[in-house]
Structures are given as structure tokens and as C-alpha cells.
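Input: a single structure, listed below in C-alpha cells.
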Amino acid sequence: MQSGEPSSMYRTIQQSLLARIQAILLSKYEITLTQLAVEQPPSIALGELALPVAFELAKRLRKAPRAIATELAAELTAALPQLPGIASVEVAGAGYLNIRLQRSAAVRAIAQDQHADIGGPGFRLIEHTSINPNKAAHIGHLRNAILGDTFQRLLRPDSFKRGYEVGVQNYIDNTGVQVADVVVGLVHLEGKTLDTTRELLNELLETNTRIDFYCWDLYARVSQWYTASSDAAELTRRKQIRLDTLHALEAGDNDTATIADIISTAVLHRHLETMQRLSIEYDFLPRESEILSLHFWDAARALMLEKGVLYLETSGKNQGCYVMRRAGTDGQQKGTDAPDEEAKVIVRSNGTVTYVGKDIAYHLWKFGLLPGKDFGYEKFFEYPTHSCWISTAAPTGPQPPTFGHADAIYNVIDSRQNDPQNNVIAALRGMGYTDVADRYTHFSYEMVALTPRCALDLGYPISEEDQKRSYIEVSGRKGFGVKADDLLDRLIAAAKAEVDTRHPEIPEPERLTISTQIAVGALRYFMLRFTRNTVIAFDFKDALSFEGETGPYVQYAIVRAANIFRKANTTAEASLSAIATLDLAPILDSEEGTSLWETWLLSSKLTLTIEQCIATAEPAYLAKYAFQLAQQFNNFYHRHHVLNETDPTRKAILLSTAAVAQREMIRALGYLGIEAPPVM
RNA sequence: GCGCCCGUAGCUCAGCUGGAUAGAGCAUCUGGCUUCGAACCAGAGGGUCGGAGGUUCGAAUCCUUCCGGGCGCACCA
């Protein structure tokens, strides 16, 4: 491990072991197994690796598993000199082969931070957040953004791993019905013109009122207004206003569109600020207005027609539309002329494009497959370390960034959009871009809903029927939900109350910083602890908790470790290098050493966990890992009093154990987007 | 009707490509701060893994079916 690729000791050992077993199987039984399962024994006392291979062979060899395991164990034991890192092999249970590692050698390697690398070639484009810029971000949007941002951190190059080249974009639908609705509210409910809308923005700015909060209420009012009349003619008139407004936005170059633009841009600014509170940043904001004005669809349509994916329907219910075969259907039956009634309409009979059509064009651009089309780019928002760009219709100046050349994409979009997403993928596949379709990941997740109790606490009227449900879907249209900024404010206030009583000696600004770190830690962890396809039934009691399986639990463990180094007048780094020349075996191989070794072993599994998260697009595994490591550390903390230890070798080992756990907890939290406060 | 997802302890959730006595957190009860800070730790109680078949040496995990719940199936975005 001194030369060449840095590699994980765990994985290296595993590979040489499996190769050896394959050789034994071949020479002894003339058997080749394509896959060898490797597990972990239920307790570390039984070893670090468990092989159920004897069970697999039992039937083929017509022998008891335990007998086979015994033979294999004998062969492996004889080969031990050629198996570096492995201390012993033994048979356990009904026929498991349990492997013990050489603890001191492994600990030394881990202390030196030898670990597997993660990364590879290719540009990966992640899209997340994508909130309609017509209202405040709510907890559902938070789940999306936190999932996407965490995944982006797992992929991106950093000091720990080579990583992948990554771009993060946030798609802005600034010309859709939702934005049109708030424009209707401003113009038809509030009587605003372009000029008085500008005045309103200034007024909100001066009174420190969040524009997205203002729109939240207005949007709910408009949505009601559309249906709140007993006069049928009036309702029709209101629907027509809505349609006309939408068309004005799509056409552009008119006062209505300008109102929409300044409002949606102001709300977008607010969204970026809200997300920045949670350490979430973007590289690029592609907007639908540019997809329209730069005519991405025209190029996409030509391509789709050429590839035969898009065709004019000449009969049936979709007559006069350009349609596409829907994902998961066979299309029209062979030998019949019957039209495919299941087909997805891409171009309406009036010549306008549907949402899926625009999305296909957009995704062809993402993969660099839309000939002659690209956005213009200009800087929109500045982060401490980089700029966030936004799309423009005008050509870009010198040195424009390029985003539309992805080798793989991840779309963080909730599971309700499964069908549309599959249609886009089907279009790509139908056009012959099968390799591209395979690298299109719909990073699907379930929604965040409210528990009935939470909804009642917030003062929403809840029907008897809804109160019996386990959760109630949030609705921007009804103004029903928990705003992201409100939740964060409440979390910070709760954390601040704790920090204030625990650390009155710390200056106020610093206390606020720490409280914010704790609040963000609690919130991000809360959104990440559930696996993606679990509906989160949101409740303030759970979300505001700082105890148990939470972000602050992990942060607290890190603070405890830091206190040890401070009082011992040393550092984590020094503690880790201090054990290099010590004889660790007597302590590590003892019974007492087992619990220490367990901490080291778990600490060494960060890369394994990250790889698993990337492969399955599931950040929840890392959240679980961080918690388990913190639990392990807290257990260690109580069993071993580091500062009181009088034996110097033993003390050095204890210090380094705290150090390795702290190192990996900080890293794990970092990937979750959670900072480690100095004290708390 | 079709498609996707879910059903595991009182509650909220894990359980990786099938594997050793099914695990956490919260809640409840019992202990533990003159010791590196108790936002912590130790212990206890609590589960026919929705039901029924099947595959397998072995199933919470794979297959079939049924029951119960959620979300999608527009010339809306």
C-alpha cells in the first residue's frame, strides 16, 4: 500500500482472500463460483469477515456445510503466510468461515489515513431544487435540495477523494402557470401595474418583508379566486384571465411578462438566500424563458422527426397532434391501422408544445445532443468561492461556462413525476441514444407531508376524515405547509436557547453561529435519515429534536472528542501519528482492545459507505453511518477515561482512537453538509 | 382499469446483492454527573416482519396471489 493507487486495507484483504478461496475450490473440488458473498459476523468477537461459501457448496458436494467449512479453513490456515493482514480463519455456526484481521497492522494503516479512492472520468450534471419562483420554499422543497446537495458533495472532487467533475443546476420555470397565477393576483386582485409592482418590491424591501412570503399568501388567494364564485360566466372570465396571462408570459416582450420577470427573479433571489442558509449552492440556473426564446424545441422537434420518434397522428382522439409512444407501452398493435390511443401528445393540435416536449429538448441539451443550441450565460449570484450563472437570451461574453455536455445526469424530482420522467427517457432511447438513456437517473423521492396534529397546531382547518390519516399532503395552492425559513428560524431559536444557558461566557455573535450550525445540522440530518421512498410525515416535535438519532448527536460527539485533545494539550493529528512506533498488539488483541478495535474498524468504512451511497443514489446510508459512528464513540467515551489513563502506551491508543473517530465523523458530517461546532 | 411506492416494537424508521438470537431512535420504567460536559451512557419491557401459498439447506429480503394505504396515469405545468 506504499506505492501505486491508494487502496483500502479492508478491500485489499478481501480481494486476496477471495482469490485464494477460488483457487482452493478449483483445485480441491473443481468448482468455480462466479460470486462469493462476504458478510460481517453478528459480533466483532467472531471476526471481521464471514463467508457463507460452505452453504453454497453443500448441495453440489453432497456434504454437510460444516464439514466443507472445516476443510476450507484448514486450507486457508495453511495459506496464511500468503494472506497479508489476516490473523486467523475459523469455522463457526452451522458452517461459516470467520476471518480475523491483524488488528495492529490495520490500525496503523487507518491511522495513516490509507483509504480507497472514489471517482472517475466524465461530467455529471445534477439538477435539484427547481422550485416554481412564485412562492416561498417549503419543507418539501427542502428535502429535494438537501438530497441533491448531499449527493453532489458525495460526487464532487475534494481533498479526500478524486471524485467526479460535477455541475449543479436549478431549473427555473419562470413562464409557467404558477408564476402566471401570482401575476393574476397582482394585476387583478391587487390592481397593480408594472410601475406599481416595482413600487411594491421597493416597499417590501424597505419594510424587510420577504417577497416569497408575500407571494405565498397571494398565490393561495388567487387559487381560491379561480373557483370562488357562484356565477358561471364569472368563473369562465377568471379562467380566461389565467390563460391570457400564461400566454403573455410565454410570448414575452410585454408588461405582463415583465411583471412576471421581476417578481419571479426576486423570488428566485430569496430561494437562493434560503438555501444558502443551509450551505446549498448552485452553479447554473437554466430558465424556461430561454428554452422558449432560444427555440430549443425547434431543434429537438427536427431531431425527433428525423429519428422517427415523433409522428403526426392522423386519426383518433389525438388527430392533428404530434405524438410519441409512451414509456412502457407497445404502441399500436401489429397488423392494424388503429392509432395508438395511449400515445403521449408532444405538440398540441393548436401547434403549441407540451411540458414533456420542452423537457425532452432540455434534456437533449443536457447531454450535448441539441445541435447548434446553447444558453447565453451571465453571472447572477455570488458565493464566497464561486459564481452562480443564469441563462440569458443574449450571447455570452468571453469565457462562458459550459454545462450542456453531461456524461451522466441525476434529476432530483419527486416520485409524482415518475411518468413524465420515464417519457423523457423513452424519447431518448427511441432516438437511439440508449447509452445516454442508461446514464439518466431520475433521483426519485417521496414527498414531505404534515401529520394531522402538526396541521392543527399550525391552525389549518382539518376535516374529520383527514384527521384520521397518518399524513396530509402540503399544498402551495392552498397555502398549506411549513415554510423553510420559518422552520429554520424556529430551529435556530431552539438551539440558541440551549447554547445561551450552557455557554453564557461566549460572545453573542459566536453563540448565534453555533446555534445556526446546530439548527442546520438538525434539519439536514432530519431530511436525510429517511430513505428516499419513505414519505416523511413532518412533525415539529421530531424535527426540533436535538437528541437521539439527530445531527446534533453527532456534532456533540465531535465536541466531546475535541475537549479531550484540548485538555490533553494535543491534537487529533498528533494523536494519530503518535502510535506509529508503538507496539499496539498486546492491547488491541486483548479483550479490552476489542471495543477499541471496533471503533477503528467502523471508522475505516467511510469510503465503503460513500460508494454505496453513490451506487444506489441513497444518501440516507451515510446519515446512518455518521450516527452509528457517533454512538460507537460515545460508548468508547464512557468506557475509557482517556485523561486519567496512566499507562503511556494505553493512553496513546485511547487518544488515537478518539482521533480517528472524530476525523471520520467530521468527514461524514461534511458530506451531509453539516458543520462541526467548536463547542455546543 | 393500468403503472410506481409502502405495510417490520406503542410511535417514527433501518435492515446492503437471500444467511448466525429481526435492529435503532422516540415514548415508558430502572440506574448513572466531586471523574475528558448527562444534547450522554448502561439496563428492562415491547415484534405471528399485513395474510396465504411457493422457491431454497436457509426468506423481513426473491416469485405468485389476496387485503389495507399512498401517488401517478391530460391537447396542465
Side-chain angles (χ1 to χ4, degrees), chain A residues 35 37 39 41-43 46 50 52 55-56 58-59 64-65 92-96 98 132 173 175-180 246 288 317-318 320-323 326-329 342 344-356 358-359 414-420 422 444 446-447 449 451 469-471 473 495 498-499 502 518 522 529-537 539 541-542 545-550 552-553 555-557 559-568 609 612 615-616 618 620-621 624 627-628 630-631 634-635 637-645 654 658 679-680:
Chain A
Q35 259 196 325
E39 295 156 19
S43 157
L46 294 170
F55 298 108
E56 194 108 350
K59 197 173 188 184
Y96 283 95
N98 284 355
N132 275 304
D173 183 3
T175 54
V177 277
Q178 294 211 21
V179 170
L246 178 60
E288 186 175 71
K317 65 169 185 175
N318 293 331
C321 299
Y322 280 89
V323 301
R326 201 180 282 270
T329 65
E342 299 285 294
K344 172 68 194 167
V345 171
I346 302 297
V347 182
R348 303 183 186 100
S349 53
N350 68 5
T352 57
V353 197
T354 61
Y355 168 74
V356 170
K358 282 181 272 190
D359 219 22
D414 78 66
S415 63
R416 285 171 291 196
Q417 299 220 40
N418 274 339
D419 282 1
N422 285 335
S444 170
E446 283 289 345
M447 62 182 171
T451 62
R469 299 159 72 111
S470 54
Y471 56 82
E473 189 174 353
E498 280 293 322
V499 176
R502 287 163 191 252
I518 294 169
R529 53 180 283 221
F530 304 93
T531 49
R532 285 187 286 118
N533 51 16
T534 298
V535 176
I536 298 181
D539 196 296
K541 185 176 78 66
D542 300 329
S545 170
F546 299 149
E547 293 167 11
E549 193 178 343
T550 65
Y553 176 94
Q555 290 174 318
Y556 187 65
V559 167
R560 284 176 135 187
N563 287 343
I564 297 176
F565 303 127
R566 188 165 38 80
K567 295 230 175 174
T609 307
Q612 196 192 353
T616 56
E618 183 53 271
Y621 298 140
K624 189 64 97 182
F627 172 67
Q628 282 169 345
Q631 236 180 354
N634 275 328
N635 181 278
Y637 184 90
H638 278 268
R639 279 159 88 149
H640 307 277
H641 201 281
V642 181
L643 297 183
N644 282 358
E645 181 55 57
L654 292 179
V679 292
M680 63 185 279

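Chain letters run A, B, ... following the sequence lines, proteins first, then strands; residues in each count from 1.
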Compute whether any side-chain donor of one residue and acceptor of the other, for [X] and [Y], lie under 3.5 angstrom apart.
| X | Y | result |
| --- | --- | --- |
| Ser415(A) | Glu446(A) | yes |
| Tyr556(A) | Asn634(A) | no |
| Arg560(A) | Asn563(A) | no |

side-chain N/O [X] vs [N] OP1/OP2, d < 4.0 Å:
| X | N | result |
| --- | --- | --- |
| Tyr355(A) | rA77(B) | no |
| Tyr322(A) | rC75(B) | no |
| Asn533(A) | rC6(B) | yes |
| Lys567(A) | rG37(B) | yes |
| Gln628(A) | rA14(B) | no |
| Arg560(A) | rA38(B) | yes |
| Arg502(A) | rA39(B) | yes |
| Tyr553(A) | rC41(B) | yes |

Rounded to the nearest Å, what distance is computed from the [atom1] atom of residue [X] to the [atom2] atom of nucleotide [N]?
| X | N | atom1 | atom2 | value |
| --- | --- | --- | --- | --- |
| Asn418(A) | rC73(B) | CG | P | 11 Å |
| Asp419(A) | rG70(B) | CG | C1' | 15 Å |
| His638(A) | rA42(B) | NE2 | P | 8 Å |

Between Ser349(A) (side chain) and Cys321(A) (backbone), is there a donor-acceptor pair under 3.5 Å? no

Under-3.5 Å donor-acceptor pair between [X] side chain and [N] base:
| X | N | answer |
| --- | --- | --- |
| Ser415(A) | rC5(B) | no |
| Asn563(A) | rG37(B) | yes |
| Asn98(A) | rA20(B) | yes |

Within the 4.0 Å heavy-atom criterion, would you say [X] contacts the bases, only the backbone, or no part of the nucleic acid?
| X | value |
| --- | --- |
| Thr534(A) | sugar-phosphate |
| Asn635(A) | sugar-phosphate |
| Val642(A) | base |
| Glu39(A) | base |
| Phe565(A) | nothing |
| Ala94(A) | nothing |
| Ile518(A) | base |
| Glu288(A) | sugar-phosphate |

Taking only Lys NZ, Arg NE, NH1 and NH2, and the carboxylate oxygens of Asp or Glu, determine whether Arg416(A) and Asp414(A) approach each other closer than 4.0 Å. yes

State the NZ-OG1 distance between Lys624(A) and Thr609(A), to the nearest 0.5 angstrom. 13.0 Å

Whole-angstrom distance between [N] and [M], as gauged at atom [atom1]:
| N | M | atom1 | value |
| --- | --- | --- | --- |
| rG54(B) | rA59(B) | C1' | 11 Å |
| rC4(B) | rG45(B) | P | 43 Å |
| rG68(B) | rG25(B) | P | 35 Å |

Between Glu618(A) and Lys317(A), which residue's closest nucleotide on RNA chain B lies nearer the 5′ terminus? Glu618(A)

Does rC49(B) fall in syn (glycosidic angle within 90° of 0) or anti? anti

